[in-house]
Structures are given as structure tokens and as C-alpha cells.
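Report on the following structure.
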Amino acid sequence: MTRVFSGIKPTGHLTLGNYLGAMRRWAEVDQHRADALFCVVDLHALTVDHDPARVRRLSRQAATLLLASGLDPELCTLFVQSHVDEHTRLSYLLECVAADGEMRRMIQYKEKAAREQGRGGSVRLSLLTYPVLMAADILVYGTDEVPVGDDQRQHVELARDLAVRFNQRYGHTFVVPRATRPEVAARVMNLQDPTSKMGKSDDMGPGIVYLLDEPDVVRKKIMRAVTDSGSDVVHDREARPGVTNLLEILAACEGADPEKLSGAYTSYGALKKDTAEAVVELLRPVQERHKELCADAAHVEKVLRAGAGRAREMAKPMVDAAYRAIGLLPA
Ligand code: AQP
């Protein structure tokens, strides 16, 4: 059976980008067709300036929202990364295979390092090395497929490169994984700056639809989305990034083709109105289920504990094999 792994960072409140680019597929498709593991990758949230209490709160909230979005612990394994030590054990071995230059070429490293420096902060070493930990997250489960949004493709490529290199140097150990992406909305853009990704740790709140935004807040954000000069509704990411972003969001909500959808609109206003209502309806059941789950925090903790136990059992043989292959004495 195909093994699927993917994760989400508790660096901020989860967004419509996270949902359309990743979470919805995990719940609607991946957990039903594959042996799937999903993870709140909390160690990755420590790579930038962080408040410990907030990371704890956001980790719980992310796990709760993953369940609310439809992940079923009977069908998949849901857990928190830091509860499974095998990820960091393997990460060190992969650091011994990765090269300094390839880490510095990572786009997210360059962007986030610049952002941290712009805020007058220092850049943590873990920001440079975290794609190696992400490779370990993936490789430790013998993962075949990694369902992610477009922004994570470079990191999955790194995981592939490290798996191939390790296998060539030390003997076949890892499965070489591949990224899979949604057909539409693989990169949901910020509503106020449609040339930038809608990222949960961005400062531009009005341009980000959070999964727990009240319906009226969602409507307001979408109705105020920046559109383009001109007035015809055309699907063209380069020339019309604002309108294209709205078309992609609406298409993803309705399971439609964004190109075809563009022909149905003659004004930006109508497109915004329909997109706002579609997003409100998309989020409604997730928000309702989230509310119920918040009233039963013990259930969420139990799911995470059981998930970590299962994940550990799957991960340990792989890490042991990698330790042996690279030349370490058995304990
Ligand atoms: N805007 C997006 N459109 C489509 N997919 C997206 N994803 C994230 N944003 C979008 C996908 O959601 C999964 C989890 O994302 P993440 O937690 O790794 O990253 P993030 O939400 O992008 O969080 P940050 O902290 O704001 O990170 P940076 O600053 O790195 O973007 C992934 O599958 C991701 O592709």
C-alpha cells in the first residue's frame, strides 16, 4: 500500500492556503487510499523567533483543526513530531549527507532569513538545517508520496536527493519519495498582495483567510481583496494575479475549472461575492466540528498519544537500519 506522509507547522493560525493546498486532500483523498501519516511539525516552529506558550497553543489547535477537517484516527495516523524522537535521530544522519551549499540555496531559507534580519533579529542555525529535518520526517516512514502545496516542492526535492545519495553511499535504505500537488489552488495567494503566498506567519492579516475566521470576517477580507486594473475576469496568473487567485479559490471550493469559471463572470464584484460565500460554506463544517472537539480536549490528546505510539513503531526500524548502514555500532 502507498505510504503517505505530510505535516503542518504551528507557526500561526491555519489558513485557507493550508486547507486548499494540503489538509482537504489529506482528509478527502489520501487517508482513504493510502497508509497515511499526518503530523503537527512543532520542531519546525522553533526555527524562527517564537513564544513557547504560543507554540504549545497552536500545536493543539492545529491537531484539533486537522481532526475537524476530517482526518479520522481509524484511517490514518495523526501525531506531533516532537513526540517521536526518531525524526531528530535520523535528521543528524541526513545532515552528514547534505551539503552546506544546497541548504543555502533553499528559497524559504533565503526569504525567511531576510525577513528575520529585516526585523533586526538573528537567523537561527535551525532555519538553515530544517529542510534536513523535514527530509527525515518523510524518509523515516518509507514514504512514497508527500501531498503538499507548491511552496514545499523544493523541500521534497531535497528529501529525494538525500535519499538517493544515502542509498548510493551506504546501500539501499530509503524509499525515494515524490511530492503530489492539488490540481487547483496549489498556491493560494495573499488577498492583499496576490504575488505573495498566503502564509500563516505573514504579517498581512487582512490578506489571509484563517480557518477560524468568523463568516463576516471572511466576507470582508474577500470583498476587499486587491484585484487588477481592467475589469474583465480572466484567468492569467502573470497579468491578472488578483482575479486569478479568486478564480482558483472559487474553483477549488466548487470542484470546478478556474479557466471555465472565468467565462461565467463579467464583474469583479460578482466574482468576489460568490467566492466569499463559497469559502464561508467550505469552512462552516470545519468550524462547527472544531468547536465540538474543543469541548473534548482529552479526546484530542488521546488521539495524538496513540498516533505517536504507532508512528514510533513504524519509524524505529528505519532509523536503526540507517544507523547500521552509515557505520555506527549497534547499541
Ligand atoms: N498559500 C498556500 N497555498 C497552498 N498550499 C499552502 N500550504 C501552505 N500555504 C499554502 C501548504 O500547507 C501545508 C502546511 O504548510 P506549512 O505549515 O508547512 O507552511 P505555511 O502555512 O506556509 O507556514 P508558514 O509558517 O507561513 O511558513 P512559510 O513562511 O514557510 O510559508 C504544506 O503542504 C504547504 O505546502
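The basis for the numbers below is simple: all heavy atoms, side chains too, and nothing from hydrogens, waters or symmetry mates. Atoms within each ligand, like the ligands themselves, are counted from 1 in listed order.
- Lys200 pairs by the salt bridge (charged side-chain N to carboxylate O under 4.0 Å, His left out) definition with nothing, not counting sequence neighbours.
- Enumerated by chain and number, the residues approaching ligand 1 to less than 4.0 Å through a heavy atom are Gly7, Ile8, Lys9, Thr11, Gly17, Asn18, Gly21, Ala22, Gln108, Lys112, Arg115, Val148, Gly149, Asp151, Gln152, Ala185, Ala186, Arg187, Val188, Lys197, Met198, Gly199, Lys200, Ser201.
- In this structure, Glu277 CD and Lys272 NZ are separated by 14.5 Å, a value rounded to the nearest 0.5 Å.
- To the nearest 0.5 Å, atoms CZ (Phe166) and CG (Leu90) are separated by 7.5 Å.
- Not counting sequence neighbours, the partners of His44 by the ring-ring contact (aromatic ring centres under 6.0 Å, His included) test are Tyr130.
- For Arg89 and Tyr323, the positive end sits near the middle of the six-membered ring, less than 6.0 Å away and at most 45° from its axis.
- In this view, Phe38 and Trp26 satisfy the ring-ring contact (aromatic ring centres under 6.0 Å, His included) rule, not counting sequence neighbours.
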